[in-house]
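From a predicted model like this one, the values you see are computed outputs, not experimental measurements.
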Amino acid sequence: MTTGGGARPAPLADRYGTAGTDGSKRWRRWLFAVVAVLVSCVIAWVAYVNLGDAPIDAERVAFENRPGNAMEITINVTRDDPDKAGVCVVRVRDRAGAESGRREVLVPAGAGHSRVSAVVKSIGPPVTADVYGCSYEIPRYMSTS
């Protein structure tokens, strides 16, 4: 129903309630935007920490079977701080691909690129060897000091 002037009458307040203010909607939008930016920053930081270059890394150069279910593995270790010693975990695998032996290898401080060899004993005949990972956190029983 319209009045003679063509303007619509105001809706009945007791039936429809009072008109909401845009301030509450604006406040929610700002809160959502701030939360979205914070979550995005946390995700970016976690990705940077976990997917960035490792400070110490190793790659397998060679491996060779030894008598008595053992295998010798040779690795090249690259690190960002040559003055710090590191430790690398190397492992051997059996025919099924399961890990059948593991050893921690101390990489002494020295050059930025080091070549280290180690013999890893296996519970069965090993078929391959690889590097599991490297770290600057040397276990106490391997400490040189």
Side-chain angles (χ1 to χ4, degrees), residues 1-64 70-145:
M1 222 194 257
T2 62
T3 60
R8 293 186 167 199
L12 301 172
D14 59 343
R15 183 170 183 181
Y16 299 107
T18 59
T21 62
D22 287 335
S24 65
K25 290 181 183 178
R26 194 172 299 146
W27 181 80
R28 287 185 204 153
R29 286 183 192 147
W30 277 106
L31 179 65
F32 177 75
V34 168
V35 169
V37 167
L38 287 175
V39 168
S40 298
C41 289
V42 168
I43 290 172
W45 180 76
V46 168
Y48 173 75
V49 168
N50 291 327
L51 301 176
D53 290 336
I56 181 169
D57 192 28
E59 66 177 333
R60 176 186 67 191
V61 176
F63 61 92
E64 184 178 351
M71 185 170 277
E72 182 178 5
I73 180 172
T74 303
I75 59 174
N76 276 344
V77 181
T78 306
R79 52 194 155 176
D80 62 352
D81 188 358
D83 296 331
K84 291 171 67 175
V87 63
C88 291
V89 177
V90 293
R91 62 184 178 175
V92 294
R93 296 176 179 256
D94 62 11
R95 185 175 302 276
E99 182 179 293
S100 58
R102 173 184 285 230
R103 180 174 175 192
E104 295 170 324
V105 179
L106 181 66
V107 182
H113 299 283
S114 304
R115 183 167 280 194
V116 180
S117 294
V119 176
V120 182
K121 300 257 184 192
S122 176
I123 58 173
V127 295
T128 189
D130 60 357
V131 180
Y132 185 75
C134 296
S135 173
Y136 283 123
E137 297 177 23
I138 301 172
R140 184 172 303 186
Y141 66 88
M142 294 184 80
S143 178
T144 57
S145 56

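- Between Val87 and Pro139 the shortest side-chain heavy-atom distance falls below 4.5 Å.
- Between the Arg79 side chain and the Lys84 main chain, a donor and an acceptor come within less than 3.5 Å of each other.
- When atom types are taken as modelled, the side chain of Arg91 and the backbone of Tyr132 share no donor-acceptor pair closer than 3.5 angstrom.
- With sequence neighbours excluded, the residues that form a side-chain contact (heavy atoms from CB on, under 4.5 Å) with Ile43 are Val39.
- Using a 4.5 Å cut-off on side-chain heavy atoms (C-beta onward), Asn76 and Thr78 make no contact.
- Here the side chains of Leu38 and Val42 are not in contact, with every heavy-atom distance at 4.5 Å or above.
- Ile56 and Gly86 make their closest contact through CD1-CA, 4.1 Å (heavy atoms, listed as atom of the first residue, atom of the second, distance).
- Between Tyr136 and Asp80, the closest side-chain pair of non-hydrogen atoms falls below 4.5 Å.
- The local environment of CZ in Arg95 is sparse, with at most 12 non-hydrogen atoms from other residues, nucleotides or ligands closer than 6.0 Å.
- The nearest pair of heavy atoms linking Leu106 to Val116 is O-CG1, 4.4 Å.
- With rounding to the nearest 0.5 angstrom, the CZ atom of Arg60 is 6.5 Å from the CD1 atom of Ile73.
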Q.
For Thr74 and Arg115: C-alpha separation, side-chain torsions, deciding distance, then whether side-chain contact (heavy atoms from CB on, under 4.5 Å) applies.
A. CA-CA 7 Å; Thr74 303; Arg115 183 167 280 194; 3.6 Å; yes

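- With sequence neighbours left out, Arg103 forms a side-chain hydrogen bond (donor to acceptor under 3.5 Å, both in side chains) with no residue at all.
- For residues 88-117, the pairs satisfying disulfide (SG to SG under 2.5 Å) are Cys88-Cys134, with sequence neighbours left out.
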